[in-house]
Novice: 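Sending over a structure as structure tokens; questions will come in a sec.
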Amino acid sequence: MTPAESRALPAPHPEAATGPDEMVSYRTPGGLFAATAPAEAPAEPEAPTDPDAPSEPVTPSEPAAPSEPAAPAEDVAVADGAEVVPTRARWRRWTRRRQHLAVGGLFLLAALWVTSRIWLDPSGRVASLYTGDPAQVQFFLAHSVRVVLHGEYPFYTEQFNYPDGVNLMANTAVLALGIPMVPVTLLFGPAVSFVVLVTLGLAGTAMAWYLMLSRHLVRTPLAAAVGGWFCGFSPAMLSHASWHPNIISQFLLPFIVWRVLVLTRSRRPVRDGALLALLVTAQAFINEEILLFTALACGVFLLAVLAQEPARWSAAWRPLGIGVVTCTLLAGALLAYPLYVQFAGPMAYHGLSDAVKDYGNDIAAFFAPGSPTLGGNQRANINLAPNYSEENAFFGWSLSMLAIGIVVWLRRELIVRALAVTGLFFAVLSLGERVSWWDRELVSGPWQLLVHLPLLDAVVPTRFGLITSVVIGLLLALAVERAWALRPADRRTVRTLTAAGLAFALLPIAPMPLRMVSRPPVPDFITADRWRAYVGPDQTLVPIPVPSMGNTHGMRWAATTNLDFKIPGGYFLAPRNGNTGDAGRFGGRPSGVGQMLEEVATTGRMPKLDDRQRRRFADELRHWRAAILVLPLRQQNAEPLRRTVEDLVGPGRQELDVWVWDVRALTDRSV
């Protein structure tokens with residue numbers, strides 16, 4: 001623990017004396033605008049503390065609530081002899097470590113349970129809907145291999161959407177996840193790296209919140225475990241797990257939040273601001289949208305605190321201001337060039353595609369269990385969320401009522417009121433531009449007023465529900481802590497009722513294994529490197545159908561070779577019509593031939609072609625610098641596709657498990 005943290009946090013026991021800069025309570029988190037105690041209060045000698053014991057929250061006015069001893073009775077029994085104290089301290093430290101290991105093991109087992117169906121065959125199984133996102137992430141993981149092994153430019157690539165390329169800084173290329181995973185990707189392939197990231201993202205996020213809560217907010221291990229569990233395995237996290245490891249990898253967020261709170265009481269704001277800047281920089285290369293959410297949530301929470309107790313501002317504004325300025329300058333310097341590439345570099349776009357800009361939650365979504373949970377039902381959730389990968393609410397009736405009950409029960413606590421305001425604020429924003437109830441539009445939402453603001457125009461509004469999920473996790477931790485601290489006549493009954501309430505609220509949304517379906521294997525023609533005889537370094541391999549948002553198998557082919565060949569098209573965000581600075585859309589420039597082949601692959605109907613369409617296809621092949629066209633034998637509607645391509649460029653030949661058309665003579669510009 002840093003010196004600034006030790007000043008921002010109280011002693012670990014209620015009876016420990018406090019100095020003039022802190023007062024002990026269980027009501028607000030340490031460092032949160034802690035007020036100064038009266039100067040005339042005498043300071044008693046500080047009680048001996050265990051460096052690994054959890055810190056206690058502080059508040060300026062409320063008395064300390066009773067709590068249980070930090071260790072079992074057998075640990076605190078004092079025997080004659082001075083040597084007993086260090087032995088007891090060592091035992092207590094070992095016990096806390098064992099607690100952490102046990103909780104971490106539980107979270108890891110839960111994450112393995114959730115991802116168990118993917119682990120059965122990482123390369124051959126994928127989420128049952130929207131298979132494009134896993135293929136895109138695997139492509140980005142392969143790009144990280146090229147960055148490390150070949151020194152390739154990290155923020156832009158021409159390996160797909162050739163020759164225009166893709167701005168990777170504007171496409172969540174997960175460099176902070178992909179680069180550490182390079183050994184796994186090299187040894188086992190990007191599909192294995194993908195499932196490893198999903199597993200560690202769920203377990204790591206839960207563990208990070210548990211560690212932060214147990215050290216800085218609550219002292220009861222069960223309270224911290226419950227809060228960490230929900231933050232890591234909420235329905236919103238499970239919804240994204242099949243597709244978005246960059247969104248569920250939130251293990252830095254608890255520490256970013258804590259460092260922001262530390263700044264409000266820091267005596268070394270420059271140093272603490274620099275530490276925050278390093279965390280911010282790392283998170284920016286995991287997911288910038290989640291980083292923006294964290295900043296917005298911290299701002300709303302602190303404003304909610306100040307609105308209730310404005311006097312706290314006098315002690316907090318100076319260290320907070322210095323720390324924020326330091327963080328902004330350092331993080332701005334570290335991220336200046338990547339952000340320049342993102343917003344002004346090649347293939348930069350401004351604003352999201354219209355396809356996702358108005359994604360919002362239905363009000364009824366907050367009272368329904370998520371699809372990937374014990375009580376979930378995909379059919380029942382139709383139209384309550386934009387799609388099954390964006391179920392960012394779905395707490396169920398029992399948990400929603402429990403969260404409201406917790407706020408009512410603990411309404412006198414400053415932190416609970418501030419959390420309630422924060423959670424409600426972002427729940428309302430998550431409704432999007434149009435507020436609806438069971439898919440019936442009611443009124444225009446407040447997001448309609450914010451959607452065109454800079455930075456916010458790149459936000460998917462339904463994801464604000466992720467902030468509400470974290471707020472509920474913190475409320476659960478506080479509720480368990482307060483219930484465990486009560487001392488009625490029958491304490492066992494209170495604890496039993498608390499456990500029953502948690503089971504009633506959390507069991508319907510207990511995580512279940514993610515639903516998977518089989519997907520076509522990567523052709524032997526690709527894995528056996530037979531393509532190398534045809535494709536040069538400045539040429540492309542064109543999968544049939546051409547890669548797009550709905551056909552991403554070609555991206556997986558390239559990823560298995562660590563992007564050793566280029567492909568046209570793909571699934572990514574880019575400016576419309578390839579004009580840098582335009583509004584975003586999914587995919588590159590429209591391809592007439594690509595759309596035609598995609599329609600054949602979907603319907604099986606062959607179009608009637610004329611010479612004009614053949615010339616247009618030849619022009620597109622030259623633009624792509626195509627070397628070969630590749631059609632898997634097991635592709636859906638493979639025979640209509642084969643006959644269509646033959647009508648365009650002539651007969652192909654079967655090689656291993658694909659049809660191959662060598663078009664180098666047609667696309668060679670020298671010829």
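Everything numeric in this text was worked out from a predicted model, so none of it was measured.
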Novice: For T205 and I248, indicate whether the former's side chain and the latter's backbone hold a donor-acceptor pair under 3.5 Å.
Specialist: yes

Novice: Can you list the steps and then say if F464 with N392 is a side chain to side chain contact (heavy atoms under 4.5 Å, CB included)?
Specialist: CA-CA 8 Å; F464 282 121; N392 295 295; over 6 Å; no

Novice: Assess the side chains of T172 and N287: does a donor N or O sit below 3.5 Å from an acceptor N or O?
Specialist: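 N287 and T172 do not have a side-chain donor-acceptor pair below 3.5 Å.
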
Novice: Run the side chain to side chain contact (heavy atoms under 4.5 Å, CB included) test on W659 and L641 for me, step by step, so that the C-alpha distance in whole Å, both residues' side-chain angles and the decisive distance to 0.1 Å come before the verdict.
Specialist: CA-CA 10 Å; W659 286 96; L641 281 168; over 6 Å; no

Novice: Tell me yes or no: between the side chains of Q342 and E288, is some donor less than 3.5 Å from an acceptor?
Specialist: yes

Novice: For the pair N167 (side chain) and V341 (backbone), establish whether a donor and an acceptor sit closer than 3.5 Å, ignoring hydrogens and angles.
Specialist: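 Side chain of N167 to backbone of V341: a pair is present.
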
Novice: Are more than 12 heavy atoms, taken from residues, nucleotides or ligands other than R117, located less than 6.0 Å from that residue's CZ atom?
Specialist: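 It does: R117 CZ has more than 12 such atoms within range.
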
Novice: Examine distances only and state if a side-chain atom of N171 and a backbone atom of L573 form a donor-acceptor pair shorter than 3.5 Å.
Specialist: yes

Novice: Could you grab the distance from atom CG of L197 to atom CD1 of I286, nearest 0.5 Å is fine?
Specialist: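 Interatomic distance, L197 CG to I286 CD1, rounded to 0.5 Å: 10.0 Å.
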
Novice: If every non-hydrogen atom of V137 is compared with every non-hydrogen atom of P245, which pair is closest and at what distance?
Specialist: CG1-CG, 3.8 Å

Novice: Looking only at non-hydrogen atoms, find the nearest pair between E289 and A458 and report the distance.
Specialist: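 Where E289 meets A458 most closely, the heavy atoms are OE2-O, 4.2 Å.
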
Novice: Working to the nearest 0.5 angstrom, can you tell me the gap between L238 CG and F394 CZ?
Specialist: 12.5 Å

Novice: Between the side chain of W624 and the main-chain N/O of G569, is any donor-acceptor distance below 3.5 Å?
Specialist: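 The answer is no, because no donor-acceptor pair under 3.5 Å joins these two groups.
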
Novice: Decide side chain to side chain contact (heavy atoms under 4.5 Å, CB included) for V126 and W243; before the verdict, give the C-alpha distance in whole Å, the side-chain angles of both, and the deciding distance to 0.1 Å.
Specialist: CA-CA 9 Å; V126 69; W243 298 279; over 6 Å; no

Novice: Specify the closest pair of heavy atoms between S469 and A236, including all atoms of both residues, with the distance to one decimal.
Specialist: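 Smallest interatomic distance, heavy atoms only, reads OG-CB, 3.9 Å.
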
Novice: State, with a plain yes or no, whether a side-chain heavy atom of V645 is found less than 4.5 Å away from one of L631.
Specialist: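 A side-chain contact under 4.5 Å is absent here.
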
Novice: S116 side chain to P513 main-chain N or O, any donor-acceptor pair under 3.5 Å?
Specialist: no

Novice: If every non-hydrogen atom of V600 is compared with every non-hydrogen atom of R605, which pair is closest and at what distance?
Specialist: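 Closest heavy-atom pair between V600 and R605: CG2-O, 3.4 Å.
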
Novice: I want to check something: taking the side chain as every heavy atom from C-beta on, are V546 and V593 in contact at a cut-off of under 4.5 Å?
Specialist: no

Novice: Inspect the contact between R530 and D524 and indicate whether a charged nitrogen and a carboxylate oxygen are less than 4.0 angstrom apart.
Specialist: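 Not counted as a salt bridge, because no side-chain N and carboxylate O are separated by less than 4.0 Å.
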
Novice: CZ of R556 to CZ of F139: how many Å apart, nearest 0.5 Å?
Specialist: 13.5 Å

Novice: Any side-chain to backbone donor/acceptor pair from Q138 onto A559? Under 3.5 Å, distance only.
Specialist: no

Novice: For S430 and F366, work out which heavy atoms get closest and say how close.
Specialist: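 In this case the closest contact between S430 and F366 is OG-CZ, 3.5 Å.
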
Novice: Output yes when a side-chain donor or acceptor of N381 lies under 3.5 Å from a complementary backbone atom of P369, and no otherwise.
Specialist: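 It does hold such a pair.
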
Novice: Once rounded to the nearest 0.5 Å, what's the spacing between atom CD of Q539 and atom CG of L541?
Specialist: 10.5 Å

Novice: Supply the atom-to-atom distance L141 CG to L177 CG, rounded to the nearest 0.5 angstrom.
Specialist: 8.0 Å

Novice: Could you measure the distance from the CG atom of L399 to the CD1 atom of I509? Nearest 0.5 Å is fine.
Specialist: 4.5 Å

Novice: Would you say the side-chain atoms of H143 and R146 include a donor-acceptor pair closer than 3.5 Å?
Specialist: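 Their side chains do not contain a donor-acceptor pair, so the 3.5 Å distance test is not met.
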
Novice: Is R532 atom CZ crowded by more than 12 heavy atoms from other residues, nucleotides or ligands, each under 6.0 Å away?
Specialist: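 Atom CZ in R532 is packed in, count exceeds 12.
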
Novice: Is a side-chain N or O of S239 found less than 3.5 angstrom from the main chain of Y388, in a donor-acceptor match?
Specialist: yes

Novice: Apply side chain to side chain contact (heavy atoms under 4.5 Å, CB included) to residues M169 and F285 and explain how you reach the verdict.
Specialist: CA-CA 8 Å; M169 274 303 299; F285 289 107; 3.9 Å; yes

Novice: What I want to check is whether the side chains of N246 and H240 have a donor and an acceptor closer together than 3.5 Å.
Specialist: no

Novice: Would you say the side-chain atoms of S242 pair up with the backbone N or O of A127, donor to acceptor, closer than 3.5 Å?
Specialist: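 Here the side-chain-to-backbone pair does not exist.
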
Novice: Do the ring planes of Y153 and F155 sit parallel (below 30°), tilted (30 to 60°) or perpendicular (above 60°)?
Specialist: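 Ring orientation, 0 to 90° scale: perpendicular.
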
Novice: Applying side-chain contact (heavy atoms from CB on, under 4.5 Å) between P372 and each of Q378, E391, M237, report the one that passes.
Specialist: E391

Novice: Within the 3.5 Å criterion, strictly below it, is a donor on R664 or Y534 matched to an acceptor on the partner's side chain?
Specialist: no

Novice: If we only count heavy atoms from C-beta on, is the I247 to I290 side-chain gap below 4.5 Å?
Specialist: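 They are in contact (side-chain heavy atoms under 4.5 Å apart), so the answer is yes.
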
Novice: Any salt bridge between R625 and D538, counting N to O under 4.0 Å?
Specialist: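 Judged by the 4.0 Å cut-off on N to carboxylate O distance, R625 and D538 do not form a salt bridge.
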
Novice: Under a 4.0 Å N-O cut-off, is there an ion pair linking D619 with R622?
Specialist: yes

Novice: Under a 4.0 Å N-O cut-off, is there an ion pair linking E646 with R643?
Specialist: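 No, this pair does not count.
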
Novice: Taking atom CH2 of W119 as the centre, report whether more than 12 heavy atoms of other residues, nucleotides or ligands fall under 6.0 Å from it.
Specialist: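 Yes, enclosed.
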
Novice: For T561 and W531, test the side chains for any donor-to-acceptor distance below 3.5 angstrom and give the result as yes or no.
Specialist: no

Novice: Angle class for the Y571/F586 ring planes (parallel below 30°, perpendicular above 60°, tilted otherwise)?
Specialist: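 Y571 and F586: tilted rings.
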
Novice: If we ignore hydrogens and angles and just use 3.5 Å, is the side chain of T667 paired with the main-chain N or O of A626 as donor and acceptor?
Specialist: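 Pair found, side chain donor or acceptor close to backbone of A626.
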
